[in-house]
2 protein chains.
Amino acid sequence: MRRGGPLTCLLRAAVAFADGRGIEALSMRNLAQELGVVPMALYKHVAGKEQLLEGMVDVVVGEIDSPVGAGDWKAAVRQRILSARQALLRHPWASRVMESRTRPTPAVLDYLNSLIGMFRSGGGLSADLAHHVMHALGSRVWGFTPDLFPAPPDSTPGAREDALPETAAKYPYIVEIATARPHHSATTVGQGCDDQFEFEFALDLLLDGCERLHHQGWTSAGRS
Amino acid sequence: MRRGGPLTCLLRAAVAFADGRGIEALSMRNLAQELGVVPMALYKHVAGKEQLLEGMVDVVVGEIDSPVGAGDWKAAVRQRILSARQALLRHPWASRVMESRTRPTPAVLDYLNSLIGMFRSGGGLSADLAHHVMHALGSRVWGFTPDLFPAPPDSTPGAREDALPETAAKYPYIVEIATARPHHSATTVGQGCDDQFEFEFALDLLLDGCERLHHQGWTSAGRS
DNA sequence: ACCTGAACACCGTTCAAGT
DNA sequence: ACCTGAACACCGTTCAAGT
C-alpha cells in the first residue's frame, strides 16, 4: 500500500476527524489543532475549506469497489451501487457533503463513467435510455436515498407512545404505515425502517423498470 | 385572504429574502437589517435560526395544491407531486433546507399523510406496499431529485468545447450521454437536460412499477 | 417588564510582521 | 522565501445594562 503525499495524509486525517467527531465539528481551526499545527499551515496543502471537502469526498469515492466483469449487467450494476452504499455508510457525513458540492471531481467522473459503461456495453442500452436511467437513479447511484426525514417525528422512547393517540387522529395513514409493518428480519422489528431493504426495493423497482423499457425498445422520442 | 400574525409576516419576509438574495445570504443579522429592526428583535417571534428555517419550509409546503378528488389514483398522485415540484421550483433554496431539517413539521406531516391516503384509499394499496413506495419515491414526493451534480463539469460556454477532446478520452460514456441526446423539445436542445422530463421519467418508472407490484399482490414477506 | 446594544465564542481567510 | 500570529469580516446567541 502506497503512503501517499502530505495532501493524502491531510485528507485522510480530515476524513477520520469527520468520522469521529462529526462533520459539523470539522473546521479549519479544529482540524489544525487535532494535527498539532497552526491553522494557516493547512493552506499550504489545500486552497480552502471547499477544496478540503472536495478531497474528502474523493477519498470516500475511492473506497467504492471496482466493477465486476462477470454476471448479467443488472446484477453487476446492483452490486456496484450497493458497494458505493457501503462506502457511504462508513462515512455518514459524506452524502450530505456530496450533495452540497457543485462540481464533480475526476474520481467522481470515473465512477459515473464506468457505471454508465455497464449500462451501455454491458446491458446494451441506448445512450438515450442510459441517460434517463442515470437521472432516475439520481443520488441512489451513490448508495443513499435522501430520506423524507433523517429522524422520526419523535424518537424519544417514552414520548412515542404518549403522542400516538393524538397523532393517530391527525395522521392516520402515517401511523398505519409506521406501525402495521410486517417484519423483514428479527433485528429490525419495532425500531424504525430497514434502510437496506428500502434501498434495495427502490433500486430494484428502477432497474426492473429500466430493463423492461429496454426490452420494449423504448426511446424518449416515441414517448406518449 | 387572511393577513396572518407578525410571525407569518416575518416568515414571508424571510422567504422573500431567500428568494431574492439567496439562502446563503440569509442571516439573522441580514434579515433584521432588511426589516429595519435590531437583530435581537427577531428572537421575539422565533426561538432561533433553526425555527426560522422550519417556518420557512412550512410556508413553501403550504403552497402545494390540495389533492384532487377525481380521476385514477396514479394520475392524482402524479399531479399532486408535480404541484409540490412547482412550489419547490419557485423557491430554489427550499429543497436544500428541507434536506437539512431533522424533524418534520405539522404541515409536512399533513402533506405526507394525504399522499399516503391517496395510495391507501385511492389506490387500494396495502399499508405494506404503500410504505415501501413512499420510501422509494423518497425526496421525489417533494418534487425534486437530488441531482448527481447541481452544475455540469464546466458550464462556461467557451471552456466546454475546449475541454471536450480530453474529457472524451477519459470519460467516453459521460460525453456520449451528454452529447448524443435526442431532442425532447426545441427549447432545450443543446443546453443541459430537460429537468422536467427527467423528473417525470423517474416518477412514472416508480409509479408504474408500484402499480405492477400492486396488481401482482406483492407483499414484502413473500419477497425472494 | 421590555428592549437592545455590547459582548461572547465561534468561523474562514487575509495579510503584514517576524524569522 | 517561508512561516505564523494577529486581524478582518463575518456568524448565532447570551446577557447585562439601560429605559
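In the text below, chain A, chain B and the rest are named by the order of the sequence lines, each starting its count at 1.
Of the candidates dA7(D), dT4(C), dG12(D), the closest approach to any side-chain atom of Met28(B) belongs to dG12(D). Of the candidates dG12(D), dC3(D), dG5(C), the closest approach to any side-chain atom of Lys49(B) belongs to dG12(D).
dC11(D) atom C1' lies 10 Å from atom OH of Tyr43(B), rounded to whole Å. As rounded to whole Å, 11 Å separates atom P of dG12(C) from atom CD1 of Ile23(A). dT13(C) atom P lies 15 Å from atom NZ of Lys44(A), rounded to whole Å. The nearest whole Å value for the distance from the CD atom in Glu50(B) to the P atom in dC11(D) is 16 Å. To the nearest angstrom, P of dC11(D) lies 16 Å from CZ of Arg29(A). To the nearest angstrom, P of dC2(D) lies 13 Å from NE2 of His45(A). In this structure, the CD atom of Glu24(A) is 16 Å from the C1' atom of dG12(D), given to the nearest Å. A straight line from CG of Leu52(B) to C1' of dT13(D) spans 14 Å, rounded to a whole angstrom.
Side-chain contact, Arg96(A) with Ser100(B): no donor N or O sits under 3.5 Å from an acceptor N or O. Residues His91(A) and Glu63(A) bring a donor and an acceptor atom of their side chains to less than 3.5 Å of each other. No hydrogens or angles considered: a donor-acceptor pair under 3.5 Å links the side chains of Tyr173(B) and Ser121(A). Looking at Glu198(A) and His131(B), their side chains do bring a donor and an acceptor atom within 3.5 Å of each other.
The separation of dG12(C) from dT14(D), taken at their C1' atoms, amounts to 23 Å, rounded to a whole angstrom. For the C1' atoms, the distance from dT13(D) to dT13(C) is 23 Å, rounded to whole Å.
Under 4.0 angstrom from either OP1 or OP2 of dG12(C) there lies at least one side-chain N or O belonging to Ser27(A). Proximity of Asn30(B) to the phosphate of dC11(D): a side-chain N or O atom is located under 4.0 Å from OP1 or OP2.
For Arg140(A) (side chain) and Leu203(A) (main-chain N/O), no donor-acceptor pair under 3.5 Å exists by modelled atom type. Between the side chain of Gln51(A) and the main chain of Ala47(A), a donor-acceptor pair closer than 3.5 Å is present. Of the possible donor and acceptor atoms, none in the side chain of Glu34(B) sits under 3.5 Å from a partner among the backbone N and O of Asn30(B).
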Can you give me the dot-bracket string for DNA chain C, 5' to 3', counting Watson-Crick and G-U wobble pairs with both distances under 3.5 Å, using [ ] for crossing pairs and | for partners on another strand? ||.|||||...|||||.||
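DNA chain C is contacted by both Met40(A) and Ala25(A); Ala25(A) maps to the nucleotide lying nearer its 5′ end (nearest heavy atom per residue).
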